[in-house]
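Working notes, structure below.
This chain uses plain numbering: 1 for the first residue, then up along the sequence.
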Amino acid sequence: MKRIEKSVRNMAYGLLFQVINIASAFVVRTALVNAFGVSVSGLNSVMTEVVALLCMAELGVGTAITYHLYKPLACEDYHRVAQLMRLFQTAYRVVAAAIALIGALTIPFIHLIVNDASLDLPYIRATYVLFIIRSSVSYLFSYKATLLNADQKSHRVSRINCIVRLITATVSVVVMVVFRSFFGYLAVEAASALAFNAFVSRAANREYPFLSDKVESLPRDDRKMVLSNVKHVFIGSISGKVTNSTDNVLISLLVSTATVGYYANYSLIINAVRNVINQITQSTHGAIGNVMASESDEKCDEILRRLTFVIFLISAAAGVCLYCLSSPFVGRLWYDESFIISPSVVFILSVNFFLNVVHEPLYQAVRTSDLFSRDKNISLLGSAVNLAVSLVLGKFIGMLGIFIGTTCTFVIQMTLKTRLLYARRLNMSPKGFFVLLGKMTAIVIAALFVAGWICSLITLDSIFVELLVKLVIALAVSAAMCLIPFVRSPELKYVTWLLKRAAEKVGARVRR
């Protein structure tokens, strides 16, 4: 219950931040499109992904060192924590320098991935430079946020994020609407990243005064072990970047940069919903690390199945709602029908959304089980399949083919990571978990077809009433199709018990 209470507190603050972040993102995105047009909006999305690829220099550092923080934090070995954080600080300074250097070297070639004649070369390069600056400076202090997250105190990071995001969104809109300056908007975003990390660093110093103590470096053998894990995670995490940070680049190359701008509207909605749900999984990350380090194999399996089922119920409902509501929202409420993309593309995006969210508890369990060296091979295979399928199908069927490549990656990685976790860490047969994942995926695909067909028959004069009706239909279909097959399952019984305990606690607080 202590783990659950900490996770709930972190989740509550995280959800508050996501509400603020989503609202501000829609306002900023609308101002961006209205002020500068779809081409500049597409350029902004492409540059975001290019810089995300540059940040592969960081891959492995945060995950590997976070894994080594769980045990000393649980044992209150703060000397060891200080040693690890010193190594973390040095590593992130190297990362910041690497991003700046690689970014500078690629400036002469950045225009090659922008397929839009309305954007001239100096404009493209200046935009890219500002993105590089924003990304590199963010790593100067951000390593301390990892310590708060590992210690199940991510709510402190979320509080700072709320304040900084509100101020940033307000200033960004003013700069775009009043001064019509795209470069001014990018400068505000860069200053925001620096301010956020500076405030988080200050909060961490107050929470952990020992961070200011002078400590010796980690012993050589320990340092070699940590750096070895960093190498394995770096190689493995390339897959995540290829899967999640190349779609816009491929669309720009194979279709057009303007098309990226149309897809970016859907991407904003999908990412907003995914980030809200991710607050649940991220708030439990520290708890999962604690469980994997201290509980029996059977208990770890039980908790993984329970958490996966909770995420399944949420992500299934969210995925069906995205499929039924995103196009009416974009085409009738936010912009106009010229901004709507193909229903088949929206369907695959919804499937990918579900697969991307529901696998998170499994991935967290793998990341906190010291399986870095074996996991990297799975990740590399997934990224290779993603690129191959996306390039081939993207050339013939456009966006749909690119996103089918992402689907293939998720299926391959979920399958192989399940086998790895159960064979190398839990010493159990993965058959039960495979059946659970397969059943969940089949249910969601069926729910998408059923809810999508019903909603396609509904067109009302009032877009607000139409969205409300379709929301009710999507939730009702997903709830019925997800709960009925699991009515006698231990996972649903656990969810019922969890809701009952939460209601009791809320009732007790109200009575007091």
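Within the 4.5 Å cutoff, side-chain heavy atoms of F353 are placed close to those of I277. Counting only heavy atoms from C-beta outward, the side chains of Y263 and V345 never approach each other to under 4.5 Å. Using a 4.5 Å heavy-atom cutoff, the side chains of E466 and K470 are in contact. Residues M47 and I110 are in side-chain contact: their nearest non-hydrogen atoms beyond the backbone lie under 4.5 Å apart. Residues F36 and N44 have side chains not in contact (no heavy-atom distance under 4.5 Å, counting atoms from C-beta outward). Using a 4.5 Å heavy-atom cutoff, the side chains of C321 and L475 are in contact. Between V444 and V351, the closest side-chain pair of non-hydrogen atoms is not below 4.5 Å. Here the side chains of V320 and L322 are not in contact, with every heavy-atom distance at 4.5 Å or above.
In terms of heavy atoms, A96 sits closest to S136 at CB-O, 3.4 Å. Of all the heavy atoms in N356 and R274, the pair that sits closest is ND2-NH1, 2.7 Å. For the pair N34 and R180, the tightest heavy-atom approach, listed with the atom from each and the gap, is O-NH1, 3.8 Å. Pairing each heavy atom of I378 with each of K417, the nearest pair is CD1-N, 3.9 Å. Of all the heavy atoms in G103 and Y128, the pair that sits closest is O-CE2, 3.5 Å. Residue I340 comes nearest to Y266 through the heavy atom pair CA-OH, 3.4 Å, listed as atom of the first residue, atom of the second, then distance.
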(request) Apply ring-ring contact (aromatic ring centres under 6.0 Å, His included) to F26 and F329, showing your working. (result) CA-CA 12 Å; F26 275 103; F329 178 83; 5.8 Å; yes
(request) Decide side-chain contact (heavy atoms from CB on, under 4.5 Å) for S327 and V346; before the verdict, give the C-alpha distance in whole Å, the side-chain angles of both, and the deciding distance to 0.1 Å. (result) CA-CA 8 Å; S327 288; V346 180; 3.9 Å; yes
(request) Give the intermediate values and the outcome of side-chain contact (heavy atoms from CB on, under 4.5 Å) for residues I132 and I102. (result) CA-CA 9 Å; I132 293 170; I102 298 172; over 6 Å; no
(request) Take Y185 and V28 through the test side-chain contact (heavy atoms from CB on, under 4.5 Å) and record every step on the way to the result. (result) CA-CA 10 Å; Y185 156 71; V28 171; 3.7 Å; yes
(request) In sequence, state the C-alpha distance, the side-chain angles, and the governing distance for R125 and L121, and then conclude on side-chain contact (heavy atoms from CB on, under 4.5 Å). (result) CA-CA 6 Å; R125 288 179 174 172; L121 182 59; 3.5 Å; yes
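Here S350 contributes atom OG and F403 contributes atom CZ; the two are 11.0 Å apart, rounded to the nearest 0.5 Å. Here the OG1-CG distance, from T127 to L43, works out to 5.0 Å after rounding to the nearest 0.5 Å. Rounding to the nearest 0.5 Å gives a distance of 10.0 Å between OG of S158 and CD1 of I20. Going from atom CD1 of I348 over to atom OH of Y323 covers 9.5 Å, rounded to the nearest 0.5 Å. Note that the OG atom of S326 and the CD1 atom of I341 stand 7.5 Å from one another [nearest 0.5 Å]. Note that the OG atom of S390 and the CE atom of M399 stand 13.0 Å from one another [nearest 0.5 Å].
Between the side chain of R134 and the main chain of L186, no donor-acceptor pair closer than 3.5 Å is present. Proximity of a side-chain donor or acceptor of S135 to a complementary backbone N or O of F131 within less than 3.5 Å is not detected.
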Side chains of residues 164-178: which donor-acceptor partners sit under 3.5 Å, not counting sequence neighbours?
from : atom 1 : to   : atom 2 : distance (Å)
R165 : NE     : N21  : OD1    : 3.4
R165 : NE     : S24  : OG     : 3.4
T168 : OG1    : V164 : O      : 2.7
T168 : OG1    : S192 : OG     : 2.8
T170 : OG1    : L166 : O      : 2.9
S172 : OG     : T168 : O      : 2.8

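Under 3.5 Å, the side chains of T406 and N352 contain no donor-acceptor pair of N or O atoms.
By the 30° and 60° cut-offs, the orientation of the rings of Y123 relative to F182 is parallel. The aromatic rings of F347 and F449 sit tilted relative to each other, their planes meeting at an angle between 30° and 60°.
Under the rule for a ring-ring contact (aromatic ring centres under 6.0 Å, His included), the partners of Y208 that lie at least two apart in sequence or sit in another chain are F210. Here L393 pairs with V389, I397, I404 under the side-chain contact (heavy atoms from CB on, under 4.5 Å) rule; sequence neighbours left out.
Counted within 6.0 Å of CZ on R93, heavy atoms from surrounding residues, nucleotides or ligands total 12 or fewer; the atom is thus considered open. Enclosure of atom CZ in F183 by more than 12 non-hydrogen atoms of other residues, nucleotides or ligands within 6.0 angstrom is indicated.
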